[in-house]
Amino acid sequence: MIVTTAQLFKHAYGKYAVGAYNINNAEQAMGLFKGCISSKAPFIIQISKGARKYTDKKMLEAIIRSADEIFPEAIFAVHLDHGDEETCYDCINSGFYSSVMIDASHESFAENVAISKRVVDAAHKKGISVEAELGKLGGVEEDIKVEEGHACLTDPAEAAAFVQQTGCDSLACAIGTSHGAFKFKGKQSLHFDVLQKIKNLLPNYPLVMHGSSSVPQDEVARINAAGGTIAGSMGVDVNEYLPAAKLGVTKINIDTDGRLVWTRVHREFFRDKPAEFDFRPPGKIFIEEYAKFIASRNVLLGSANQLDDLRKSLGNK
Ligand code: G3H
Ligand code: 13P
Ligand code: ZN
């Protein structure tokens with residue numbers, strides 16, 4: 001069942017974070033639904049601009065509608081990840097998306113406010129909620145490059161003013177994470193001090209954490225042992241997901257880790273079976289491995305086993 005992102009946030013706020021997982025194809029969709037059903041977790045499907053172009057935006061929509069029929073127990077929202085203004089309007093007008101993200105974080109504060117507010121006004125007319133972003137994550141945000149070492153954390157006072165001026169429904173904050181597999185040079189923690197200040201100024205307001213893959217080191221080691229060259233990659237400490245959720249982070253974005261599962265499965269498969277050239281055998285392994293990975297993340301986010309209670313609270317409306 002597709003619900004609004006707002007409904008998911010209302011149930012999760014202060015207790016757990018909803019996992020927001022990117023999909024690009026049917027195999028990822030199958031693994032995601034299977035993992036969320038087995039762990040009894042609500043979830044958010046994220047679709048990036050790149051994913052919409054990879055096959056076709058209509059293809060992804062059809063895959064999600066079919067998955068909804070195949071897994072009638074699932075409760076989830078559909079979200080545009082890192083949208084520009086034009087893509088936001090396309091998703092708002094499509095009637096399919098539960099929410100959109102307008103990412104104008106690379107603009108000045110005033111321009112970010114102006115763009116985000118235009119999107120909020122258009123989205124709210126159609127009952128769709130909007131995630132906006134303030135502050136800059138390190139690493140690569142689609143085509144937006146932020147120089148390493150110059151990641152700029154969200155200023156709490158600015159965050160409060162931004163929400164007030166735009167009317168956005170949730171805010172992606174920069175609190176020390178970055179996109180991709182190379183987040184930190186050494187061990188590093190989230191900036192809980194900044195998060196606490198944002199929460200104090202925006203009580204009961206859903207915050208979003210991008211760049212939250214954990215880049216499991218055993219996964220990286222297996223990929224490298226099977227011919228990969230991603231040494232030195234490092235991600236977020238999974239033990240920091242729940243403490244962040246208790247401080248108002250209601251949506252945690254995980255994409256890179258799923259790509260690592262895909263890479264490990266396929267590298268190992270073709271290393272061990274060099275004469276194979278059928279995509280279905282490794283595809284099936286990927287679906288099962290991705291489902292296991294998703295279920296494990298939902299446990300760490302606290303969203304596992306929330307499905308029945310959420311269903312009850314939605315029914316009681
Ligand atoms: O933050 C970006 C997401 O990981 C999506 O990545 O733009 O390559 O689909 P993508
Ligand atoms: P990761 O690269 O850490 O998976 O972050 C994904 C993300 O933020 C998608 O918007
Ligand atoms: Zn992101």
Side-chain angles (χ1 to χ4, degrees), residues 5 17-25 27-29 31-32 43-57 59-60 63 77-84 87-88 91 97 99-106 130-146 148 151-152 154 170-184 188 190 206-217 219-220 223 230 233-238 240-241 244 249-264 290 293-294 296-298 300-301:
T5 313
V18 183
Y21 303 104
N22 293 65
I23 71 158
N24 297 266
N25 61 20
E27 288 81 1
Q28 277 182 308
L32 175 57
F43 59 104
I44 295 171
I45 298 182
Q46 304 210 110
I47 303 178
S48 71
K49 281 185 286 168
R52 282 160 58 89
K53 279 196 214 120
Y54 171 56
T55 47
D56 188 282
K57 58 188 180 182
M59 182 74 81
L60 282 175
I63 287 172
V78 183
H79 177 78
L80 168 69
D81 190 27
H82 291 288
D84 53 26
T87 314
C88 282
C91 293
Y97 286 72
S99 49
V100 294
M101 176 192 189
I102 173 67
D103 182 358
S105 59
H106 48 290
V130 177
E131 173 186 325
E133 177 169 333
L134 185 68
K136 291 181 182 64
L137 276 72
V140 178
E141 285 190 358
E142 292 231 327
D143 38 3
I144 304 155
K145 284 195 172 48
V146 181
E148 205 190 345
C152 155
T154 303
S170 59
L171 186 69
C173 304
I175 52 167
T177 64
S178 63
H179 290 103
F182 299 87
K183 300 189 194 303
F184 310 119
Q188 207 172 301
L190 300 180
L207 304 173
V208 177
M209 205 165 87
H210 282 249
S212 304
S213 278
S214 66
V215 190
Q217 292 302 294
E219 202 73 280
V220 170
I223 290 169
I230 50 169
S233 45
M234 187 161 298
V236 172
D237 180 348
V238 293
E240 296 191 337
Y241 290 157
V249 172
T250 318
K251 172 172 175 277
I252 289 193
N253 290 8
I254 298 176
D255 182 18
T256 296
D257 283 348
R259 298 176 186 208
L260 294 177
V261 175
W262 185 93
T263 305
R264 182 253 300 169
Y290 191 46
F293 166 77
I294 293 286
S296 74
R297 268 24 196 185
N298 290 339
L300 293 162
L301 297 172

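As the structure lists them, so they are numbered: ligands from 1, and atoms in each ligand from 1. Here the structure is a predicted model, which is why all the values come from computation and not from measurement.
- H210 contributes ND1 as its N, O or S atom closest to the Zn ion (ligand 3).
- Panel note: side chain K183, backbone M234; no donor-acceptor pair is recorded below 3.5 Å.
- Residue contacts with ligand 1, taken as heavy atom pairs separated by less than 4.0 Å, involve H82 solely via side-chain atoms from C-beta onward.
- At a heavy-atom cutoff of 4.0 Å, ligand 1 is contacted by no atom of T256, backbone or side chain.
- Residue contact check: S48 has heavy atoms under 4.0 Å from atoms 5 (C), 7 (O), 9 (O), 10 (P) of ligand 1.
- Remark: the backbone N or O of L137 is not paired with any side-chain donor or acceptor of S178 at under 3.5 angstrom.
- Of the heavy atoms in R52, none comes closer than 4.0 Å to ligand 1.
- Contact check for T256 versus H179: no side-chain heavy atoms found under the 4.5 Å cut-off.
- Screening H210, H82, K49 for a side chain to side chain donor-acceptor pair (under 3.5 Å) involving D103 leaves a single residue, H82.
- A donor-acceptor distance shorter than 3.5 angstrom exists from the side chain of D257 to the backbone of S214, with no hydrogens or angles considered.
- Under the 3.5 Å distance criterion, the side-chain polar atoms of Y241 are left unmatched by any main-chain donor or acceptor of V236.
- Under a 4.0 Å heavy-atom criterion, G50 is not in contact with ligand 1.
- The proximity of N253 to ligand 1, defined as any non-hydrogen pair under 4.0 Å, does not occur for either the backbone or the side chain.
- The main-chain N or O of L190 is found under 3.5 Å from a side-chain atom of E240 such that the two form a donor-acceptor pair.
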Could you go step by step and tell me if R297 and V238 meet the side chain to side chain contact (heavy atoms under 4.5 Å, CB included) rule? CA-CA 8 Å; R297 268 24 196 185; V238 293; 3.6 Å; yes

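- Under the 4.0 angstrom criterion for non-hydrogen atoms, M101 is not in contact with ligand 1.
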Please report the C-alpha distance between S99 and H79 in whole Å, then the side-chain angles of each, then the deciding distance to 0.1 Å, and finally whether the side chain to side chain donor-acceptor pair (under 3.5 Å) criterion is met. CA-CA 5 Å; S99 49; H79 177 78; 2.8 Å; yes

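- Listed by chain and number, N22, Q46, D81, H82, H179, G180, K183, H210, G211, S212, S213, N253, I254, D255, T256 each place a non-hydrogen atom less than 4.0 angstrom from ligand 2.
- When the N, O or S atoms of H82 are ranked by distance to the Zn ion (ligand 3), NE2 comes first.
- Side-chain atoms of S296 do not come within 3.5 Å of backbone N or O of I294 as any donor-acceptor pair.
- No side-chain donor-acceptor contact under 3.5 Å links K136 to the backbone of A174.
- An N or O contact shorter than 3.5 Å links D255 to ligand 1 by distance.
- At least one side-chain heavy atom of I230 sits under 4.5 Å from a side-chain heavy atom of L260.
- When the Zn ion (ligand 3) is compared with the N/O/S atoms of H179, atom NE2 turns out nearest.
- Of all atoms in ligand 1, numbered sequentially from 1 with element shown, those under 4.0 Å from a heavy atom of N22 are 3 (C), 5 (C).
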